[in-house]
Each structure stands twice: as structure tokens, then as C-alpha cells.
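Notes follow once the structure below has been shown.
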Amino acid sequence: MKIPERLKPLADDGIIDEVISRLMSGKEADIYIVRCGDSIRCAKVYKDAVKRSFKKAARYQEGRKVRSGRQARAMEKRSNYGRKQQEEVWQNAEINALSTLAKAGVRVPETYGCFDGVLLMELVTEDTGDVAPRLADVSMSAEQAIEDHTLMMHYVRLMLCEGIVHGDLSEFNVLVDDYGPVIIDLPQAVNAASNNSAQEMFDRDVNNMRRYYGQYAPEILDTRFAREMWALFEEGELTPDSVLTGEFEDDSGSSDVYAVLEEIKAVIQEDLERKERLREADEGSDL
């Protein structure tokens, strides 16, 4: 296909040799399948902030570090320099998260560098060579759902041990190859210790996974891994080897009522976001 403008510098520099096709268009980036020498990879072209539809971005950027006070002030003033720095921070968040999580044992795509707003990374495929489907596009047995949910909770635990909350984890941000789930799309990843919304986002991430896998194995719907893991994290006791049961009891009846109300709000919000993702996925498939 014709090389998109944003990918021409990479082609001119010999970083990519061919643009094979556009894989999808999302709320934050366009994804292309490219050839780099003998390797087939994925090029994620981040959209400019004015074109991105990712909502409440400021909540996700809270707690992110910048290199200098000048950068921080420019970002606050929204100057041209500040917006450029903000874009750099946004993109680096994904690169840093992917690198950190891969070292921690979480299955994420391998990265090969970021060049002028284009992240070059592994194209996750099945053994047949076909692009791995999203979790939203597969079905499974109850046994498989329990196995994959257990593995996903292990990954989420490893992420939290690294102080990272995905922030937008759902069946639309997980791929499934022949070896299980692969977590993708982390530009909105937040610092669990320094973002005031981190616990809320963590609850939503974990409960999204509970809801999805629970449609195949209803017993998963009774688990409370989000509260269990966060309590251990707050106490400084969460480790990669922590034994998780999926059970958690609040200290008092009043907190139980609060938890129930929060669960109801989360379910409503999850449903709204799920419908929005389906709409965006349908629009992307038409391109």
C-alpha cells in the first residue's frame, strides 16, 4: 500500500521497508503492519492530541514525571512546547510500561523503538501467522475461561507489584494467541502510588476481566481480586508470589454498602465504555 505520511521518515531512514496494510484505527492511534527486513512488525502511529478521542486524559497523566521544572511549567501553560512535551510524556508512558512489564514477566508486545510518534513493536500472531484476535472476538469453554482469568490476575498482580495500573484494561485491549492472553495498549498506564484515581482504575480493570471471563464461567463473578490485591498493595505486602484467593471481606458493614454502591457504579460505567469501544471498533473495521 501507499506509505502514510507519518511513516515516510521511517521508510526514508531504512527503519521499515514496506507498509503491508492498515490493521486498525483506534481512538489514540492508527496501527499498520510493516516489514522490517525479514521481520513483520507493527507500527503504532499516535494521533495528535487534538485528534485523539481518549477521554479524561488529565486523570491518567497525574503523577507522571517530567525531566525538568521548565517542562512541567510549559505543560501547565499549554504552550506549543508544553503540548509537544505532553505528547512525548504520553508516548513514553507506553514504551516505559511495556519495557517494565516485559521484564516483570507480563506478556506484552516486544518493542523496537519509538521514532517521531511512531512506536515500532511486535505483531502478535497465531502459529498460523494470522494476526492474533482480540479477546472480545473469541469464545471459550468454562475451563479455558478459568485458566485464562487466573493467568490474567497473575499478570495484573505483577503489574501492580511494579506500581503500574493499566487504566483501560478490557477485552478490547487484550490479544489472544496460541499461548494465551497478551496485554496491549498502555499509553494511559498510571502510577499506582501517585495517581489519586489509581485504585478506581485498578478496580475497573480487574472487574472488566471478571465480567468478561465470568460470562463463560459464572463462578468468576463471585471473586474480589481487585479489593484483595489493592489491600495487600496498600499494606506493602503484595509480591509476585503472593497467594491470592479471590476473597475479600471489608472491615465493617458500612464499608460493605459502600463497596456495593461502587460496584454498581462501576458496572454502569463499564457498560457505557464497552458500547463506546464497540462503536469505535465498528468504525475502525470500516476503514
Side-chain angles (χ1 to χ4, degrees), residues 1 3-54 57-58 60-68 70-72 74-75 80-104 106-125 131-132 159 162-169 173-175 182-191 195 284:
M1 64 173 288
I3 299 178
E5 285 297 322
R6 293 282 300 279
L7 291 179
K8 283 183 178 179
L10 280 73
D12 292 340
D13 291 341
I15 298 171
I16 63 175
D17 297 295
E18 179 186 3
V19 179
I20 298 173
S21 65
R22 177 156 66 173
L23 181 60
M24 67 168 291
S25 179
K27 60 193 174 187
E28 70 199 26
D30 292 324
I31 313 295
Y32 295 89
I33 299 175
V34 300
R35 182 175 62 82
C36 303
D38 295 329
S39 301
I40 303 300
R41 293 175 178 169
C42 176
K44 182 172 187 175
V45 181
Y46 291 99
K47 293 182 178 178
D48 294 335
V50 293
K51 297 180 180 179
R52 279 201 308 262
S53 60
F54 197 83
Y60 294 85
Q61 293 167 349
E62 179 188 349
R64 291 183 177 176
K65 296 180 180 179
V66 295
R67 291 194 297 266
S68 70
R70 176 173 178 253
Q71 287 179 313
M75 288 167 63
N80 289 336
Y81 173 76
R83 285 194 292 270
K84 182 179 179 181
Q85 293 304 306
Q86 200 157 28
E87 285 301 290
E88 184 178 319
V89 170
W90 179 265
Q91 294 162 17
N92 286 342
E94 178 159 36
I95 300 166
N96 294 337
L98 288 170
S99 176
T100 299
L101 296 181
K103 293 176 182 177
V106 180
R107 285 201 71 204
V108 294
E110 184 178 355
T111 59
Y112 303 105
C114 191
F115 311 88
D116 296 324
V118 179
L119 175 59
L120 198 61
M121 59 185 174
E122 171 191 5
L123 178 67
V124 181
T125 62
V131 177
M159 292 173 69
E162 294 295 328
I164 295 174
V165 174
H166 186 290
D168 194 31
L169 187 62
N173 287 330
V174 176
L175 301 179
V182 181
I183 296 174
I184 62 172
D185 290 341
L186 287 120
Q188 71 290 322
V190 302
N191 187 302
N195 188 298

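Residues in residues 8-21 take part in these salt bridge (Lys or Arg N to Asp or Glu O under 4.0 Å) pairs, two or more places apart or across chains: Glu5-Lys8, Glu18-Arg35.
Minimum interatomic distance between Asp185 and Lys44 (heavy atoms only, all atoms of both residues): OD1-NZ, 3.0 Å. The nearest pair of heavy atoms linking Leu7 to Ala43 is CD2-CB, 4.1 Å.
Residues passing the side chain to side chain contact (heavy atoms under 4.5 Å, CB included) test with Arg107, sequence neighbours excluded: Tyr155, Asp177, Tyr179, Val182. With sequence neighbours excluded, the residues forming a side chain to side chain contact (heavy atoms under 4.5 Å, CB included) with Tyr112 are Arg41, Glu110, Leu120, Glu122, listed by chain and number.
For the pair Leu123/Leu23, a side-chain contact is recorded, criterion being any heavy-atom separation below 4.5 Å from C-beta on. Counting only heavy atoms from C-beta outward, the side chains of Val165 and Met159 never approach each other to under 4.5 Å. At a threshold of 4.5 Å between non-hydrogen side-chain atoms, the residues Val118 and Ile15 do not count as touching. Leu98 places a side-chain heavy atom less than 4.5 Å from the side chain of Leu119. Contact check for Leu101 versus Leu186: side-chain heavy atoms found under the 4.5 Å cut-off.
From Thr100, atom OG1 reaches atom CD of Glu162 across 6.5 Å, with rounding to the nearest 0.5 Å. Between the CD atom of Glu94 and the CD1 atom of Ile184 there is a distance of 9.0 Å, given to the nearest 0.5 Å. Distance CD1/Ile164 to CG/Asn195: 13.0 Å, rounded to 0.5 Å.
Listed for the Arg6 side chain is a donor-acceptor partner under 3.5 Å among the backbone atoms of Gly117.
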